[in-house]
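Data first, discussion second: the structure below is written as structure tokens.
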Amino acid sequence: MTVIARFAPSPTGRLHVGNVRTALLNWLFVREQSGKLILRIDDTDLERSTNEYEQGIKDDLTWLGLNWDNTFNQSHRFPSYEAAAKKLKEEGLLYPCYETADELDRQRKLQRVQSKPPVYNRAALELTDADRAALEAEGRKPHWRFKLSGNPVTWDDVIRGEQTVDTASLSDPVLIREDGSFLYTLPSVVDDIEEKITHVIRGEDHVTNSGAQIEVFRALSNHLPKFAHTPLLVGKDGKGLSKRLGSLSMQELREQGLEPMAICSLLAKIGTSDPIEARPSMDVLKDEFSFSKIGRAPARFDEDELLLINGKILHETPYADVKDHLDSLNVGGGEAFWNVIRANVTKVVDAAGWSTVIYSPMPGRIEPEDVDFCKAAANCLPDNITADTWSEWIGTLKVDHARKGKTLFMPLRRALTGRDHGPEMGPILMLMGAEKARARLRGETA
Ligand code: GLU
């Protein structure tokens, strides 16, 4: 059996870490199983869906390396949803209701006062043809609810194990609004049937939904996918991310200079039994994936961890892979430069700072007590700087000035780079050249 899963974003915003994790888990599972991934664009809400968001989602997925085998838009499939609605109506499973939003609200308030669960009272099922005709003559249009069985629905969740949702505790879900538009539930089930989806992998906020949807599946066909509900993402403080998702969009993270592999490494590993660390490729992530590694606890998303992983990935990234990015930042120096500084960047953009340090005119930073020492160091720096120059030079200075350790090399590092930390000085000196180094050691701008 070929595994077929789908990622089903609504094009009403850009992708954020929450829905990217869902996309990624779908992708990892499908690729690991040599199956197929369908990108379903849930655009039945024609008012809020836009082509720009749809394109943005596709661009973000492509940037992340999450490819798909087929894609379609729900807005192109209304005839299928109409046909399914017709079937359900004929079977008495989809019934018209005429309550206004205000009336439903009042009902719920009353139920709350009476300490009853806020479940729709099914008054519309009692309406006669004459009642309905009278309501429609008043100008009311029906919305349509699916009649749940009132029995418990049980399934074996791939992540959560046996799950039971008691449909007696749910309101019959509205499938069609009064303006005739479809809510999410019916189109999703119809498409999952038509596309022969074998696995529905989504966040655990859909567990209750699944209880109701399974009854819709059963009413429409013999096809029932397996369900895998993943624990939700929380921040490092354990709180939900919903308020911060805007700043955690792919667009934002990409602009901040985060690497797609860092985002995928983190999102693939949080909430699993694997260590959270930088992984070299999507192929490796795929090979390491298993639902059995995903726990029930919420997955903690920590931006600091993301930065750390980003740095780790860059420390191993060959020049060829960052060349375009460096070019776009106008950072020269080529491969030799990248190889020297890559261990000291968290983001590619940090290379710009090191480029300034090494190549742009900059004054040396020299403490008053080091002025003479730095001048002497400038005087004995050879013209031709090789891989051995730094250690030989330091060796001479050590003897001549009776300095050692930090007091020996820190004044040189500061004078040459203006910073207290950074890549090894030997290679920096080679990139910088003797002339610039001498000038900075003398406190000049060079
Ligand atoms: N468009 C739905 C959502 O983003 C899809 C949920 C599902 O995977 O069924 O929540």
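Every heavy atom of this structure was used, including side-chain atoms; hydrogens, water molecules and symmetry mates were not. Counting starts at 1 for both ligands and their atoms, in listed order.
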Heavy atoms, side chains only, cut-off 4.5 Å: are S181 and T44 in contact? no

If you define the side chain from C-beta out and look only at heavy atoms, does anything of L253 sit under 4.5 Å from M250? yes

So for atom NZ, which belongs to K347, do other residues, nucleotides or ligands contribute more than 12 heavy atoms lying within a distance under 6.0 Å? yes

Which pair of non-hydrogen atoms, one from T2 and one from T198, has the smallest distance, and what is that distance? O-CG2, 3.5 Å

Element-labelled atoms of ligand 1 that are located less than 4.0 Å from some non-hydrogen atom of [X]:
X	answer
S10	1 (N)
D42	1 (N), 2 (C), 5 (C)
R6	7 (C), 8 (O), 9 (O)
R202	7 (C), 8 (O), 9 (O)

Taking 4.0 Å as the limit for heavy-atom contacts, which would you say applies to Y184 with ligand 1: side chain only, backbone only, both, or neither? side chain

May I ask which of S210, G18, A8 has a heavy atom nearer to atom 4 (O) of ligand 1 than the others do? A8

Protein heavy atom at shortest distance from atom 10 (O) of ligand 1: H206 NE2, 3.1 Å

Are the side chain of R140 and the backbone N or O of Y98 linked by a donor-acceptor pair below 3.5 Å? yes

For residues N73 and E54, is any side-chain donor paired with an opposing acceptor at under 3.5 Å? yes

